[in-house]
Participant: 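Let me give you the structure first, and then I'll get to my questions.
Every chain is numbered from 1 and lettered A, B, ... according to where its sequence line falls, protein lines coming before strand lines. Because the structure is a prediction, the values reported are computed rather than measured.
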Amino acid sequence: MPEKIFRVNMTDLSTSIEAVPDNWSGLGGRGLTSTIVAAEVPPTCHPLGPNNKLIFAPGLLSGTAAANSGRISCGAKSPLTGTIKEANAGGTSAQIMAKMGCKALIIEGQPQGDSWYSLRLTPEGASIEKEEKLIGKGNFAVVEAIGQRLSESVGLMSIGQAGEMQMAAANISVKDPDGHLRSCGRGGLGAVMGSKKIKFISLDAAGGKVEIADMEKFRAANKTFAKALVDHPVSQALGTYGTNVLVNIINEAGGLPTRNFSKGQFDGHEQISGETMHDLIVERGGKPKHNCHKGCVINCSQIYNDSAGNFKTSGFEYESIWAMGADCAVDNLDKIAEMDHILDDIGMDSIETAVTFGVAMEGGMLKFGDSDEMIRILKDEVAQGTPLGRIIGSGAGNVGKIYGVTRVPVVKNQAIPAYDPRAIKGIGITYATSTQGADHTMGYTIATEILSVGGKADPLSKEGQVELSRNLQIATAAIDSTGMCLFIAFAALDNATCLPALIDMINARFGINLTGADVTNLGMNILKTEHNFNLAAGFTNKDDRLPEFFALEPIPPHNAVWDFSGEEIDTFWNF
Amino acid sequence: MQVQVKLFAFFREGRFKEEGRELADNTMVGQVVDDLGIDREEVGVLMINSRHCQFETVLQQNDILAIFPVIGGG
Ligand code: SF4
């Protein structure tokens with residue numbers, strides 16, 4: 001069926017279906033959400049006001065049999081950073097949305113009054129319904145209720161209490177095939193959904209299918225592509241230990257931010273490591289391997305049970321475990337799992353929230369390592385929307401100001417993730433220059449600097465880092481448009497058959513003739529579109545900087561400081 | 001000389017997490033890997049005292065050698 005744009009206006013509660021404009025037809029995922037935000041959102045608007053728009057788009061290959069192609073992109077102006085934002089997640093929504101022929105969902109306007117709503121997407125378009133019962137409830141209650149009301153197989157994207165309260169750390173949850181949750185995590189997009197008064201979006205493709213222009217070519221390319229993924233040793237390690245396999249290696253390299261970024265190694269690293277997690281999962285009858293959508297051949301997710309053998313959390317990621325673990329000096333994996341589950345339920349970004357706790361610990365709100373108090377604050381303060389809860393939910397930058405802390409690890413007000421930029425310098429360039437605030441996934445230089453995948457770079461040297469980050473940010477912007485999970489990048493960096501096969505699939509799907517250069521251009525255009533939005537919103541090159549403490553405080557064990565000059569960082573945009 | 005060896009991920013299976021080893025002077029990293037029965041092809045990252053090194057790097061007294069398979073995440 002021909003692809004359509006679904007538009008929902010929450011001001012007058014109307015919906016419409018539009019043809020896809022020509023200049024959007026070759027876009028998907030992040031490329032499309034960022035293009036639409038740039039075209040339709042006034043850069044200076046308030047992110048939680050009527051002029052911001054919330055866009056969802058499946059990737060170019062989502063809904064097909066292409067391996068690992070089920071990412072959904074969500075875009076808007078971010079209430080956390082004030083920049084353009086795209087966050088993507090697995091789960092089943094991208095595939096269902098693509099199968100119903102919906103190329104993008106644009107939610108605009110803002111309702112008057114206190115009523116809440118839900119959206120229902122089918123091949124016939126979007127419809128708006130009033131919602132009362134589930135308001136104030138967590139995401140897991142929404143999943144359960146919608147499973148009963150509609151069916152277990154519908155796609156579902158929802159916000160928890162944090163999104164309803166428009167907290168800057170609120171995320172959007174996406175249901176996976178087993179009723180667990182993945183998240184469009186970063187940048188407070190859950191707050192934007194809350195500002196539109198939409199509690200959840202259900203999706204039903206009603207048997208629809210994605211059309212493939214050249215099925216034979218598609219199948220052959222997918223076979224090559226999937227083989228490249230499966231054969232790569234990184235994929236195999238991800239399936240065994242999850243992304244949490246990184247704790248020990250980043251710790252060994254001296255770049256694991258510990259106790260609110262005051263050290264680069266954590267004494268309790270072994271207790272929270274991927275190796276320990278794997279053994280616990282097996283011992284307790286969980287699953288070390290799990291996929292967040294059908295068609296994933298890497299399986300980095302897992303089912304983590306508590307000591308009684310009951311489900312505790314899934315998609316238990318390195319970033320979350322590092323943030324609630326090393327950064328807050330918590331060395332107990334079960335406590336971290338408990339927090340991970342609560343964060344999924346109330347719908348908050350685990351990186352932003354946990355880094356916020358690290359800053360709060362530095363400021364004296366609670367003690368480093370006090371996971372019981374963290375759990376209490378999440379349940380009794382954040383979920384209830386008390387003043388303290390709202391402070392925590394407003395992010396690390398705010399809490400730093402409130403407590404007079406100078407060691408506040410944010411760029412463009414977004415918390416810095418799990419790699420210290422003093423000890424691993426290339427990732428600092430990504431944090432500084434990313435169009436979306438500090439975000440490792442925008443240009444994952446760790447692959448080259450630490451993991452020796454796709455070449456090598458000395459993490460303690462400045463040499464070549466700007467170029468490395470630039471090349472990876474361009475490639476990532478393109479990959480984020482295909483619907484591919486970013487973990488295909490390890491195979492793509494090392495195996496010469498992988499990327500051509502991916503391009504062949506896109507060509508076979510649409511009956512077009514993209515080349516590698518076209519894909520690079522696509523990545524560059526996306527970055528420039530995003531950058532221009534930010535400039536028009538009032539950002540300058542002076543915002544592409546790391547916090548001052550990184551230059552002032554050497555980090556053990558390497559006692560390295562951040563030593564890039566502003567001029568050096570600014571060369572990033574020379575393309 | 002005395003060297004501390006650390007293993008990670010599946011390299012630990014049937015071996016150890018961390019062990020002190022007595023080595024002849026001028027031993028190279030690759031020799032330690034070979035002696036442990038680890039296939040060099042499977043090695044992703046080698047570090048001495050938290051800095052990347054190579055199979056050819058010569059070990060020194062009290063070095064901490066970390067041996068990782070090819071791994072990744074994000
Ligand atoms: S590798 Fe992980 S994040 Fe990527 S698609 Fe598979 S389960 Fe989802």
Side-chain angles (χ1 to χ4, degrees), chain A residues 232-238 240-255 264-265 270 273-276 278-279 298 300 317-319 321-322 417-419 423 440-441 444 446-447 449-454 456-460 485-487 489-491 493-494 556-558, chain B residues 1-21 23 27-74:
Chain A
H232 198 278
V234 166
S235 306
Q236 289 158 14
L238 280 170
T240 309
Y241 303 101
T243 57
N244 200 30
V245 71
L246 290 177
V247 163
N248 279 337
I249 192 166
I250 304 300
N251 184 73
E252 191 66 26
Q265 287 179 323
E270 195 59 44
S273 68
E275 288 90 336
T276 299
H278 172 265
D279 293 348
I298 298 177
C300 82
E317 306 269 350
Y318 166 62
E319 289 294 331
I321 293 167
W322 154 75
Y419 313 90
H440 61 295
T441 67
Y444 193 63
I446 305 304
E449 295 185 273
I450 302 293
L451 307 171
S452 305
V453 175
K456 290 184 188 195
D458 179 356
L460 286 168
C485 157
L486 201 50
F487 297 145
F490 294 103
L493 285 165
D494 273 349
H558 297 299
Chain B
M1 64 179 172
Q2 186 67 22
V3 167
Q4 200 67 15
V5 180
K6 296 191 203 171
L7 301 179
F8 296 91
F10 59 86
F11 285 169
R12 287 178 175 179
E13 282 163 27
R15 298 192 186 90
F16 55 86
K17 265 188 208 172
E18 183 166 352
E19 208 175 86
R21 300 220 139 190
L23 300 174
T27 302
M28 286 192 285
V29 169
Q31 238 165 294
V32 179
V33 171
D34 297 343
D35 289 349
L36 286 166
I38 293 173
D39 183 349
R40 288 191 186 205
E41 289 278 301
E42 290 194 333
V43 173
V45 173
L46 297 163
M47 288 186 213
I48 295 176
N49 306 329
S50 294
R51 298 285 283 138
H52 289 70
C53 66
Q54 272 121 37
F55 290 119
E56 295 72 36
T57 311
V58 175
L59 288 155
Q60 311 286 334
Q61 167 77 0
N62 294 331
D63 273 351
I64 299 171
L65 171 65
I67 307 172
F68 299 87
V70 183
I71 54 176

Participant: Which atoms of A:Asn244 come close to chain B, meaning under 4.5 Å heavy atom to heavy atom: side chain ones, backbone ones, both, or neither?
Facilitator: neither

Participant: With a 3.5 Å distance limit and no angle check, can you tell me whether B:Ser50 reaches the backbone of A:Glu252 through a side-chain donor-acceptor pair?
Facilitator: yes

Participant: If you round to the nearest 0.5 Å, how far is NZ of B:Lys17 from CD of A:Glu270?
Facilitator: 4.5 Å

Participant: Could you look at A:Gln236 and say if it's the side chain, the backbone, both or neither that has a heavy atom under 4.5 Å from chain B?
Facilitator: neither

Participant: Which bit of A:Leu486 comes within less than 4.5 Å of chain B, counting heavy atoms only: side chain, backbone, both or neither?
Facilitator: neither

Participant: Can you list the residues of residues 33-45 of chain B that sit under 4.5 Å from chain A, counting heavy atoms only?
Facilitator: B:Gly44, B:Val45

Participant: Look at A:Thr441, A:Leu238, A:Asn251 and state which one has the largest set of heavy-atom pairs under 4.5 Å with chain B.
Facilitator: A:Leu238

Participant: Between A:Ala253 and chain B, with a heavy-atom cut-off of 4.5 Å, which part of the residue counts as in contact: side chain, backbone, both or neither?
Facilitator: both

Participant: Check the surroundings of atom CD in B:Gln54: do more than 12 heavy atoms from other residues, nucleotides or ligands lie under 6.0 Å from it?
Facilitator: no

Participant: Checking A:His278 against chain B: side chain, backbone, both or neither under 4.5 Å from a heavy atom?
Facilitator: neither

Participant: Output the distance between atom NE2 (B:His52) and atom CG (A:Leu460), rounded to the nearest 0.5 Å.
Facilitator: 10.0 Å

Participant: For each of A:Tyr419, A:Phe487, A:Tyr241, tally heavy-atom pairs with chain B at distances under 4.5 Å, and name the one with the top tally.
Facilitator: A:Tyr241

Participant: Give the interface residues of residues 3-14 of chain B toward chain A, defined by a heavy-atom separation under 4.5 Å.
Facilitator: B:Lys6, B:Phe8, B:Ala9, B:Phe10, B:Arg12, B:Glu13

Participant: Please round to the nearest 0.5 Å and tell me the distance separating atom CD1 of B:Ile71 and atom OG of A:Ser235.
Facilitator: 13.0 Å

Participant: Which answer fits A:Ile249, side chain, backbone, both or neither, if we ask what part of it has an atom under 4.5 Å from a heavy atom of chain B?
Facilitator: both

